[in-house]
J.: 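Take a look at the following structure, please.
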Amino acid sequence: MSRLQAEHLYMVFGRRPKDAVRRLQEGADRDELRAEGTTAAVIDASIEVDEGQIFVVMGLSGSGKSTLLRTLNGLLEPTAGTVRFDGEDLTSLSAKDLRKVRSEKISMVFQHFALFPHRSVLENAAYGLEVQGVPRAEREKRAYEALELTGLKGWEKSWPDELSGGMQQRVGLARALATDADLLLMDESFSALDPLIRRDMQDQLLELQKTLKKTIVFITHDLNEAMRLGDKIAVMRDGRIVQIGSAEDILVRPANDYVASFTQDVDRTRVLTAGAIMTCADEVLGTTAPDGKKIATLDDFLAAAPAVVGEDTPIVDLFTPCSVSTVPVAVADKAGKAVGAVRADRLLAALGEDDGGPAAPAPRPATDPAPADRLTKAAAADAKKDAEAPEDNDPEGKVSAGA
């Protein structure tokens with residue numbers, strides 16, 4: 001099972017890093033260490049990434065997200081903590097064994113493409129396989145297949161400088177896919193692209209994931225991108241992970257004002273789902289449909305509802321049906337059984353922000369008693385600062401698919 005676990009990771013640069021870890025564990029402040037010439041880039045970070053999951057790590061520049069990524073495949077040896085993949089402790093491997101794992105099980109897609117200008121598109125896509133020692137005929141076959149998957153069929157003989165930025169990034173993605181690695185690490189892979197091309201690449205990744213079901217750790221500073229791609233999202237600040245949860249968790253239940261500050265400009269209608277705002281389906285029983293008929297059973301409700309949707313339906317798709325009927329939109333499970341109702345007032349309330357604290361919790365189905373607290377208005381001005389972040393670069397210059 002391709003499961004990634006990182007436990008209590010620390011990455012400290014400077015003098016006496018082990019001593020710095022001890023001091024951090026005892027409560028020392030990151031700024032205090034920096035004043036002494038020591039940088040604590042990652043502090044006590046723990047994550048679990050399930051097989052087939054897209055796990056997004058986001059935060060401002062300098063938050064430590066790229067450094068964290070590099071500890072996951074051994075490009076940086078953590079000062080403390082462990083990384084396990086498929087049950088194997090990567091932090092205990094020899095350099096030789098770690099290189100083998102990186103070349104066969106873990107692929108990386110960089111922000112700045114990292115293509116060889118003197119190699120064709122096909123040769124670039126096949127490079128990771130060449131490092132593994134795969135025979136030429138086999139690696140070219142697999143590289144052709146990967147290029148076709150990423151929409152580059154017909155460009156195999158072209159040179160990198162003949163491609164657009166988006167196409168070059170597709171080559172980098174194809175190189176990672178050609179190795180058939182279980183784990184993909186993507187470091188700000190789309191951030192250098194124009195907005196339209198960036199969205200196209202996001203679409204491409206989501207489409208590929210439906211078929212390939214890779215385990216992916218994706219680094220970004222863009223919350224909209226994180227919300228769109230992530231099955232689970234970790235938010236980092238000053239080297240620490242301050243919250244881990246789904247997109248809905250981050251949006252409607254931020255851990256603190258810092259997290260909430262990221263969500264102020266997010267299009268909530270495309271993140272929140274029917275399941276997040278629905279009330280109990282039983283509440284509709286006993287009401288009257290527009291045609292005057294009594295809604296006595298859940299089947300009556302399904303028949304009278306202006307629309308029947310799944311729990312994962314984004315609320316942007318609910319406005320039209322909610323506006324044409326006094327009967328709530330019905331939310332049904334995969335078996336077609338009514339499990340909730342979305343009223344127009346709940347739909348509108350979900351879009352608002354309060355000015356002083358969390359709103360009263362909305363009624364929830366009996367199977368999900370957790371309240372859907374409304375988003376606390378952010379007040380953390382320092383979250384908008386964009387500090388310098390040397391760890392967001394790629395000083396290693398490693399371009400192999402297993403790097």
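Computation of the quantities below employed the complete heavy-atom set of this structure, encompassing side-chain atoms and omitting hydrogens, waters and symmetry-equivalent molecules.
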J.: Could you list all the side-chain hydrogen bond (donor to acceptor under 3.5 Å, both in side chains) pairs where at least one residue sits in residues 141-153, not counting sequence neighbours?
T.: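 Pairs touching residues 141-153 that pass the test: K141-E145.
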
J.: Under the side chain to side chain contact (heavy atoms under 4.5 Å, CB included) test, which residues partner K105, sequence neighbours left out?
T.: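 Checked K105 against side chain to side chain contact (heavy atoms under 4.5 Å, CB included); matches are F85, D86, E88, V101, D182.
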
J.: May I ask you to decide if F110's main-chain N or O and Q169's side chain share a donor-acceptor pair within less than 3.5 Å?
T.: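 At least one qualifying donor-acceptor pair exists.
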
J.: Check side chain to side chain contact (heavy atoms under 4.5 Å, CB included) between D267 and all other residues, then give those that pass, not counting sequence neighbours.
T.: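 For D267, the residues satisfying side chain to side chain contact (heavy atoms under 4.5 Å, CB included) (neighbours in sequence not counted) are T269, R270.
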
J.: What pairs with S94 under side-chain hydrogen bond (donor to acceptor under 3.5 Å, both in side chains), at least two apart in sequence or on another chain?
T.: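 Result, side-chain hydrogen bond (donor to acceptor under 3.5 Å, both in side chains) vs S94: D97.
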
J.: Can you run down the ring pair (Phe, Tyr, Trp, His ring centres under 6.0 Å) pairs that involve residues 26-54, sequence neighbours left out, and say none if there aren't any?
T.: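 Checked against ring pair (Phe, Tyr, Trp, His ring centres under 6.0 Å) - neighbours excluded - no pair reaches residues 26-54.
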
J.: Would you find a donor on one side and an acceptor on the other, under 3.5 Å apart, between the side chain of T220 and the backbone of E225?
T.: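 No, the answer is negative, given that no donor and acceptor are paired below the 3.5 Å cut-off.
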
J.: Sequence neighbours left out, what passes side chain to side chain contact (heavy atoms under 4.5 Å, CB included) with T91? Give chain and number order.
T.: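 Per chain and number, T91 pairs via side chain to side chain contact (heavy atoms under 4.5 Å, CB included) with P78, T82, V83, D89.
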
J.: Do any N or O atoms from the side chain of D194 and from the backbone of L196 form a donor-acceptor pair under 3.5 angstrom?
T.: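 Side chain of D194 to backbone of L196: no pair is present.
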
J.: Sequence neighbours left out, what passes side-chain hydrogen bond (donor to acceptor under 3.5 Å, both in side chains) with T71? Give chain and number order.
T.: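 Testing T71 for side-chain hydrogen bond (donor to acceptor under 3.5 Å, both in side chains), a comparison that skips the adjacent residues, returns none.
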
J.: Got a sec, which pairs hit salt bridge (charged side-chain N to carboxylate O under 4.0 Å, His left out) with one end in residues 158-174, sequence neighbours left out?
T.: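 Counting only pairs at least two positions apart or across chains, the salt bridge (charged side-chain N to carboxylate O under 4.0 Å, His left out) contacts touching residues 158-174 are R170-D200.
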
J.: Taking ring pair (Phe, Tyr, Trp, His ring centres under 6.0 Å) as the cut-off, I'd like each qualifying pair that reaches into residues 207-235, sequence neighbours left out, listed once.
T.: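 Passing the test, one end in residues 207-235: F190-F218.
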
J.: Any pair with a residue in residues 239-251 that passes salt bridge (charged side-chain N to carboxylate O under 4.0 Å, His left out), sequence neighbours left out, goes on the list, sorted by first then second residue, please.
T.: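 Salt bridge (charged side-chain N to carboxylate O under 4.0 Å, His left out) check on residues 239-251 returns D249-R253.
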
J.: Quick check: does any side chain N or O of Q5 sit under 3.5 Å from a backbone N or O of G87, one acting as donor and the other as acceptor?
T.: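 Side chain of Q5 to backbone of G87: no pair is present.
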
J.: Only distances under 3.5 Å count here; give the side-chain donor-acceptor pairs of residues 325-335 to other protein atoms, sequence neighbours excluded, each with its distance to 0.1 Å.
T.:
{"unit_1": "S325", "atom_1": "OG", "unit_2": "V327", "atom_2": "N", "d": "3.0"}
{"unit_1": "D333", "atom_1": "OD1", "unit_2": "A335", "atom_2": "N", "d": "3.0"}
{"unit_1": "D333", "atom_1": "OD1", "unit_2": "G336", "atom_2": "N", "d": "3.0"}
{"unit_1": "D333", "atom_1": "OD1", "unit_2": "K337", "atom_2": "N", "d": "2.8"}

J.: For residues 291-312, which residue pairs pass the salt bridge (charged side-chain N to carboxylate O under 4.0 Å, His left out) check, not counting sequence neighbours?
T.: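 Of all non-adjacent pairs touching residues 291-312, none passes salt bridge (charged side-chain N to carboxylate O under 4.0 Å, His left out).
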
